[in-house]
Amino acid sequence: MNSYNNPFIEQRADPFITRGPDGIFYFTASYPAKDDELHGYDRIILRKSLTVKGLSEADELTVWLAHESGIMSRHIWAPELHYIGGCWYIFFAAARSENKWDIKPYVLRCKENDPYTDNWEEMGAVERTKEDELSFRCFSLDMTYFSHNGKHYLIWAQIEGYSSLFMAETYKEAPWKLKTKPILLSSPEYDWEKVVHKVNEGAAVLKTPKKVYIFFSASGTGAEYCIGRLEADTDANLMNPDSWKKLSYPVLSTEDLTGEAGPGHNSFVTDENGELLLVYHARPSSHLTESCGTFCSESLYDPCRHTRIRKVKFSEDMTPSLK
């Protein structure tokens, strides 16, 4: 039984919860826009609490505001807070005022040990290597970070004809710089990945003793949004595309839920009781009939994507289930 109220936090899409070395839980998400990009998507927010449940009522602080013009001034999307090498970083996507779809990943670094301050410095756009002509050359977003077996990785979505997932190694001491050329992890190939738009995006990593899993979101951002899964063995070369296997079906979709539509863009966190949680956003089912109260024909500008939480279940062989 789920002990967390749903919606957990209203009008917060692309939710991300992490626990710091001090035991405090931190929450961030996309700040919503209504009707168009000029009415929101303009800041990065944080909440903190000693418990996951406490985040739902915690004070929300704006730690960074979009520039008024130029780079980092439009479509501030999908921030993620990561503690890497003794420093806090926020990865996020942003566009420039001259072209609201020229979206790239950017990084902030906290100057202090407490990320719940406004003392953040802009490290700029994520940098590719000199030999790399592919990374971030066009629409790129939804960057996430993870480490495994002493190596450090960044995953992001990038449009090369359609939105696909790419991964490269990065530096622990400078995670805004790529260390290698990227590999292609996944492109839309199944029907459920191609509804309204051909999309793979919003990667989230979950590690078990035997597997490294990448959960990702597919299709458009309305009720068709759903979650797919990639997996690799823990001792595999993660930079070898052949190490990864993709399931041919979604692992969480509207059909699996009651009263919700379009689950996606998730993260994972273990709460203070040791329970592994799926943190995701979904719309109310009323969005399907345009009666959610905020309906916009362009779903990106309908703020009814709410943060929700479900407990992750495991089979006997430790395979995770989101349903």
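In what follows, every heavy atom counts, from backbone to side chain, and hydrogens, waters and symmetry copies are set aside.
Around the NZ atom of K34, the shell of radius 6.0 Å holds more than 12 heavy atoms that belong to other residues, nucleotides or ligands. For NZ of K207, the number of neighbouring non-hydrogen atoms (other residues, nucleotides, ligands) closer than 6.0 Å is greater than 12. By the 6.0 Å contact criterion, CD on E133 is open, its count of non-hydrogen atoms from other residues, nucleotides or ligands being 12 or less. Atom NE2 of H39 has 12 or fewer heavy atoms from other residues, nucleotides or ligands within 6.0 Å.
Atom-to-atom distance recorded for S30:OG and Q11:CD is 12.5 Å, nearest 0.5 angstrom. The structure places CD of E275 at 11.5 Å from NZ of K313, a figure rounded to the nearest 0.5 Å. The CD1 atom of I183 sits 7.5 Å away from atom CG of N240, with the distance rounded to the nearest 0.5 Å. Rounding to the nearest 0.5 Å places OG1 of T18 at 12.0 Å from CD1 of I24. Atom CG of N99 is separated from atom CZ of F139 by 10.5 Å, given to the nearest 0.5 angstrom. Rounding to the nearest 0.5 Å gives a distance of 6.5 Å between OG1 of T254 and CG of L288.
Here the side chain of T180 pairs a donor or acceptor atom with the backbone of E169 at under 3.5 angstrom. For the pair R310 (side chain) and V279 (backbone), a donor-acceptor distance under 3.5 Å is absent. Side-chain atoms of K53 come within 3.5 Å of backbone atoms of S3 as a donor-acceptor pair (strictly under, hydrogens ignored). Under the 3.5 Å distance criterion, the side-chain polar atoms of T270 are left unmatched by any main-chain donor or acceptor of G274. Remark: the backbone N or O of N113 is paired with a side-chain donor or acceptor of W88 at under 3.5 angstrom. Between the H306 side chain and the I9 main chain, no donor and acceptor come within less than 3.5 Å of each other.
No path of Ile, Leu, Val, Met, Phe, Trp and Tyr side chains, each step under 4.5 Å between heavy atoms, connects I90 with M143, placing them in separate hydrophobic clusters. Grouping the Ile, Leu, Val, Met, Phe, Trp and Tyr side chains by contacts below 4.5 angstrom, directly or via other members, places M318 apart from L277. Under a hydrophobic-cluster definition in which Ile, Leu, Val, Met, Phe, Trp and Tyr are linked whenever side-chain heavy atoms come within less than 4.5 Å, directly or via other members, Y171 and Y153 are assigned to different clusters. Linking ILVMFWY residues whenever their side-chain heavy atoms come closer than 4.5 Å, directly or via other members, leaves L154 and M239 in distinct clusters. With hydrophobic clusters built from ILVMFWY side chains whose heavy atoms lie under 4.5 angstrom apart, L257 shares a cluster with V251.
Salt bridge D233/K211: present, at least one basic N to carboxylate O contact under 4.0 Å.
Between L206 and L276 the shortest side-chain heavy-atom distance falls below 4.5 Å. Side-chain contact check for H148 versus T234: some heavy-atom pair is nearer than 4.5 Å. Side-chain contact check for W77 versus I103: some heavy-atom pair is nearer than 4.5 Å. Side-chain contact between F295 and H287 is present, with at least one heavy-atom pair separated by less than 4.5 Å. Residues V126 and F136 meet the side-chain proximity criterion, which asks for heavy atoms closer than 4.5 Å. Residues Y89 and L81 fail the side-chain proximity criterion, which asks for heavy atoms closer than 4.5 Å. Considering only heavy atoms from C-beta on, P241 stays 4.5 Å or farther from L184 through its side chain. Proximity of W244 to V212: side-chain heavy atoms (C-beta onward) are separated by under 4.5 Å at one or more points.
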Pair up each side-chain donor or acceptor in residues 215-230 with any protein partner under 3.5 Å, not counting sequence neighbours, and list the distances.
from : atom 1 : to   : atom 2 : distance (Å)
S217 : OG     : H265 : N      : 2.6
S219 : OG     : W192 : O      : 2.6
S219 : OG     : K194 : N      : 3.3
S219 : OG     : V195 : N      : 3.0
T221 : OG1    : S299 : OG     : 2.6
E224 : OE2    : T221 : N      : 3.4
E224 : OE2    : G222 : N      : 3.0
Y225 : OH     : E201 : OE2    : 2.5
R229 : NH2    : E231 : OE1    : 2.8

Could you go through residues 105-112 and list every donor-acceptor pair under 3.5 Å that involves a side-chain atom there, pairing it with any protein atom two or more places apart or in another chain?
from : atom 1 : to   : atom 2 : distance (Å)
R109 : NE     : E121 : OE2    : 3.0
R109 : NH2    : E121 : OE2    : 3.0
E112 : OE2    : N119 : ND2    : 2.8

Under 3.5 Å, side-chain donor or acceptor atoms of residues 65-72 against the rest of the protein: list the pairs with distances, not counting sequence neighbours.
from : atom 1 : to   : atom 2 : distance (Å)
H67  : ND1    : I71  : O      : 3.1
H67  : NE2    : E122 : OE1    : 3.3
H67  : NE2    : E122 : OE2    : 2.9

For residues 159-168, tabulate all N or O donor-acceptor pairs below 3.5 Å that involve a side-chain atom, not counting sequence neighbours.
from : atom 1 : to   : atom 2 : distance (Å)
E160 : OE1    : R137 : NE     : 3.3
E160 : OE1    : R137 : NH2    : 2.7
E160 : OE2    : R137 : NE     : 3.1
E160 : OE2    : Q158 : NE2    : 2.7
S163 : OG     : N200 : O      : 2.9
S164 : OG     : S187 : OG     : 2.8

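Minimum heavy-atom separation, E193 to S186: OE2-OG, 4.3 Å. Annotation for T51 and G54: closest pair OG1-N, 3.0 Å, computed over non-hydrogen atoms. Residues R12 and F27 share a closest heavy-atom pair of CB-CZ, 3.9 Å. Nearest heavy-atom pair across L46 and Y116 is O-CE1, 3.5 Å. Residue I309 comes nearest to Y280 through the heavy atom pair N-CE2, 4.0 Å, listed as atom of the first residue, atom of the second, then distance. Among all heavy-atom pairs drawn from T307 and N6, the shortest one is O-OD1, 4.4 Å.
Residue pairs satisfying the salt bridge (Lys or Arg N to Asp or Glu O under 4.0 Å) criterion with at least one member in residues 260-272, sequence neighbours excluded, are listed as follows: E260-R308. Counting only residues at least two apart or in different chains, salt bridge (Lys or Arg N to Asp or Glu O under 4.0 Å) contacts with residues 170-192 comprise E189-K246.
A search for side chain to side chain donor-acceptor pair (under 3.5 Å) contacts involving T294 returns D302, not counting sequence neighbours. Residues meeting the side chain to side chain donor-acceptor pair (under 3.5 Å) test with D59, sequence neighbours left out: none. Not counting sequence neighbours, the partners of S135 by the side chain to side chain donor-acceptor pair (under 3.5 Å) test are D132. For H82, the ring-ring contact (aromatic ring centres under 6.0 Å, His included) partners at least two apart in sequence or on another chain are F16, F91, Y145. Annotation: salt bridge (Lys or Arg N to Asp or Glu O under 4.0 Å) contacts of R47 (sequence neighbours excluded): E60. Remark: F25 engages no residue in a ring-ring contact (aromatic ring centres under 6.0 Å, His included) (not counting sequence neighbours).
Separation of the W64 and F92 ring centroids falls under the 6.0 Å cut-off.
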Check the pair E298, L300 against side-chain contact (heavy atoms from CB on, under 4.5 Å), reporting the backbone distance first and the verdict last. CA-CA 6 Å; E298 172 48 75; L300 280 174; 3.6 Å; yes
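The aromatic rings of H75 and Y301 sit parallel, their planes meeting at an angle under 30°, below the 60° perpendicular limit.
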